[in-house]
Amino acid sequence: MLTIKFGVPDFARTRFSISPMGHLIAALANGHNCVGARRARWWRRMRRHVPHAAGPLLELINASSTDVPDFLMADVATGRRQLADELDSILVTSEADIQQCLVGYKEQPETPRIIAQLRDGDSRQLRRITNGAWALFQACLAPDWPDIQRQLQADVAHRAHTAGLTGLGSVLTGLHPGTAWGEDGHLQCVVTGWDGNFDLAGRGLELHPNYFLQESALLLSEHRPSLFLYPAGDLVAGPAPSASDPLAGLIRRGRARALRAVGQEPCSTAELARRLGITPPSASAHAAALRAVGAITTQRQGRQVQHALTPLGHSLLLGSSTPSLTDRLAR
């Protein structure tokens with residue numbers, strides 16, 4: 001059993017965060033005990049679409065059946081993580097941190113090629129890993145990501161509401177059957193591979209709901225906030241299949257598709273056009289209409305503009321009834 005010690009500053013620095021990269025890692029984790037049936041069903045449906053570029057990442061994640069290198073779980077100073085931010089953080093990982101993360105792989109009888117290359121100081125491999133992660137997300141996870149986000153956001157909202165009513169301790173206890181909060185400010189955890197005591201020492205704890213997990217997982221660090229990854233609850237029932245789309249009825253079908261495309265991740269007009277398979281002028285027209293009703297914001301970044309959801313846009317997506325991820329995985 002692991003005991004995590006909280007101090008007063010740790011309560012102020014404990015927060016929820018949704019990680020696209022964390023889901024890519026769980027999605028590729030073959031044979032890891034912490035992933036479950038959801039991931040297995042998703043993998044059966046998507047494995048044939050995994051791009052060749054994702055090979056180094058797939059090899060790195062499965063170099064061990066019990067662990068992944070810590071630097072893949074990027075330290076991003078925001079609760080609303082974007083995949084691009086996480087990948088940028090991976091790219092600036094120091095050589096010393098990479099070597100520290102690979103210490104546990106030295107005892108393996110056969111060293112995977114990607115591990116050997118990283119251990120030899122080939123920093124170019126980080127770019128191959130991040131490029132592979134981006135390609136994998138676009139090819140395999142992006143179509144399901146808005147629906148997964150809806151599940152994760154519902155989980156976070158439910159637990160935040162619980163914290164407001166009964167306190168953070170009850171939320172920590174309810175993360176997983178193997179966790180229990182003690183009145184002494186200690187969190188007792190039964191998590192595979194962990195034992196002893198760990199003091200958060202003012203760095204706080206990030207709570208990451210994960211759609212693909214069936215057991216909790218931990219990343220404990222003395223240099224950054226520690227991470228507690230836990231299985232997201234089934235708090236959002238998948239809507240019944242229907243020939244009509246209420247969101248499309250509200251803002252028209254093309255704009256509904258555009259809103260969902262922006263919901264995958266903030267993007268430029270050119271990227272929005274690529275996601276929708278339409279021309280940039282048509283994508284610009286959809287963006288202007290969505291911006292006019294307050295569903296997205298648009299900010300200029302150099303020669304391009306960046307579109308992102310507003311709280312209203314998030315609410316529209318949460319309330320829409322496209323075929324659920326559960327329905328798609330059951331096919």
Side-chain angles (χ1 to χ4, degrees), residues 14-27 36 38-39 42 73-74 76-86 137 140-166 168 170-172 174-176 205-214 216-217 225 227-240 245-247 250-251 256-267 275 290 293-297 307-329:
T14 294
R15 63 184 185 183
F16 289 95
S17 185
I18 293 173
S19 170
M21 187 64 191
H23 281 76
L24 287 179
I25 293 171
R38 285 173 173 171
R39 183 266 174 193
W42 179 90
M73 291 300 297
V76 179
T78 175
R80 190 181 293 277
R81 289 169 171 246
Q82 302 293 339
L83 180 59
D85 296 328
E86 294 185 304
F137 183 89
C140 298
L141 195 56
D144 293 326
W145 187 242
D147 213 358
I148 291 176
Q149 277 189 309
R150 187 165 61 95
Q151 298 268 3
L152 302 176
Q153 289 164 352
D155 181 278
V156 170
H158 170 73
R159 297 181 194 279
H161 180 69
T162 300
L165 292 176
T166 59
L168 181 60
S170 62
V171 172
L172 294 171
L175 289 178
H176 194 257
L205 184 67
E206 285 190 14
L207 308 174
H208 288 208
N210 194 293
Y211 185 81
F212 293 127
L213 294 187
Q214 68 177 2
S216 297
L227 308 184
F228 193 114
L229 289 71
Y230 66 91
D234 290 312
L235 297 171
V236 179
D245 182 351
L247 181 57
L250 180 65
I251 61 175
R257 289 183 63 234
L259 184 64
R260 292 190 176 102
V262 174
Q264 293 176 16
E265 192 168 29
C267 61
R275 292 178 188 177
L290 293 172
V293 298
I296 68 171
T297 61
H307 308 297
L309 293 183
T310 64
L312 173 61
H314 280 288
S315 297
L316 287 171
L317 289 183
L318 289 174
S320 67
S321 62
T322 55
S324 72
L325 178 60
T326 302
D327 293 334
R328 295 198 295 273
L329 291 180

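Residue numbers run from 1 in the order of the sequence given.
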Non-hydrogen side-chain atoms of V156 and Q153 separated by less than 4.5 Å: no
Could you tell me whether a side-chain N or O of T310 sits under 3.5 Å from a main-chain N or O of G294, the two making a donor and an acceptor? yes
Side chain to side chain, Q149 and L317, heavy atoms closer than 4.5 Å: no
Give the ring-plane orientation class for W145 versus F137, where under 30° counts as parallel, over 60° as perpendicular and anything between as tilted. perpendicular
Determine whether R275 and E265 satisfy the following criterion, side-chain contact (heavy atoms from CB on, under 4.5 Å), listing intermediate values before the conclusion. CA-CA 11 Å; R275 292 178 188 177; E265 192 168 29; 3.9 Å; yes
Is the charged tip of R159 near the ring of F16: under 6.0 Å from the six-membered ring centre and within 45° of its axis? no
Do Q82 and P266 make a side-chain contact, defined as non-hydrogen atoms from C-beta onward lying under 4.5 Å apart? yes
Using 0.5 Å steps for rounding, measure from the OG atom of S170 to the CG atom of L175. 10.0 Å
Taken to the nearest 0.5 Å, the spacing of H208 NE2 from L229 CG works out to 6.0 Å
Determine the minimum heavy-atom distance between G313 and L259, stating which atoms define it. O-CD2, 4.2 Å
Could you list the residues that satisfy side-chain hydrogen bond (donor to acceptor under 3.5 Å, both in side chains) with Q214, not counting sequence neighbours? none
Strictly by modelled atom types, are Y211 and D144 linked by a side-chain donor-acceptor pair under 3.5 Å? no
Using 4.0 Å as the upper bound for N to carboxylate O, is an ion pair formed by E206 and R81? yes
Starting from the C-alpha separation in whole Å, work towards a yes-or-no answer on side-chain contact (heavy atoms from CB on, under 4.5 Å) for W42 and L141. CA-CA 9 Å; W42 179 90; L141 195 56; 4.1 Å; yes
Minimal non-hydrogen separation, L207 against P209, with atom names: O-CD, 3.5 Å
What's the spacing between L309 CG and H314 NE2 if we round to 0.5 Å? 4.5 Å
Could you go through the side-chain contact (heavy atoms from CB on, under 4.5 Å) check for L83 and L24 one step at a time? CA-CA 10 Å; L83 180 59; L24 287 179; 4.1 Å; yes
Calculate, to the nearest 0.5 Å, the distance between atoms OG and CG belonging to S17 and L205 respectively. 11.5 Å
Shortest non-hydrogen contact from L312 to A295? CD2-N, 4.3 Å
Hey, could you give me the CG/OG1 distance between L172 and T14, rounded to the nearest 0.5 Å? 7.0 Å
Where A26 and L213 come nearest, the two heavy atoms and their spacing: CB-CD2, 4.3 Å
Should H23 and I148 count as side-chain neighbours, where that means a heavy-atom distance under 4.5 Å? yes
Test your reading of the model: is there a side-chain donor-acceptor pair from Q151 to the backbone of A232, 3.5 Å cut-off? no
I'd like to know if the side chain of R38 and the backbone of F212 have a donor-acceptor N/O pair within less than 3.5 Å. no
So which heavy atom on I25 is nearest to which on M73, and how close? CD1-SD, 3.5 Å
Heavy atoms of Y230 and D155 approach each other most closely as OH-OD1, 2.6 Å
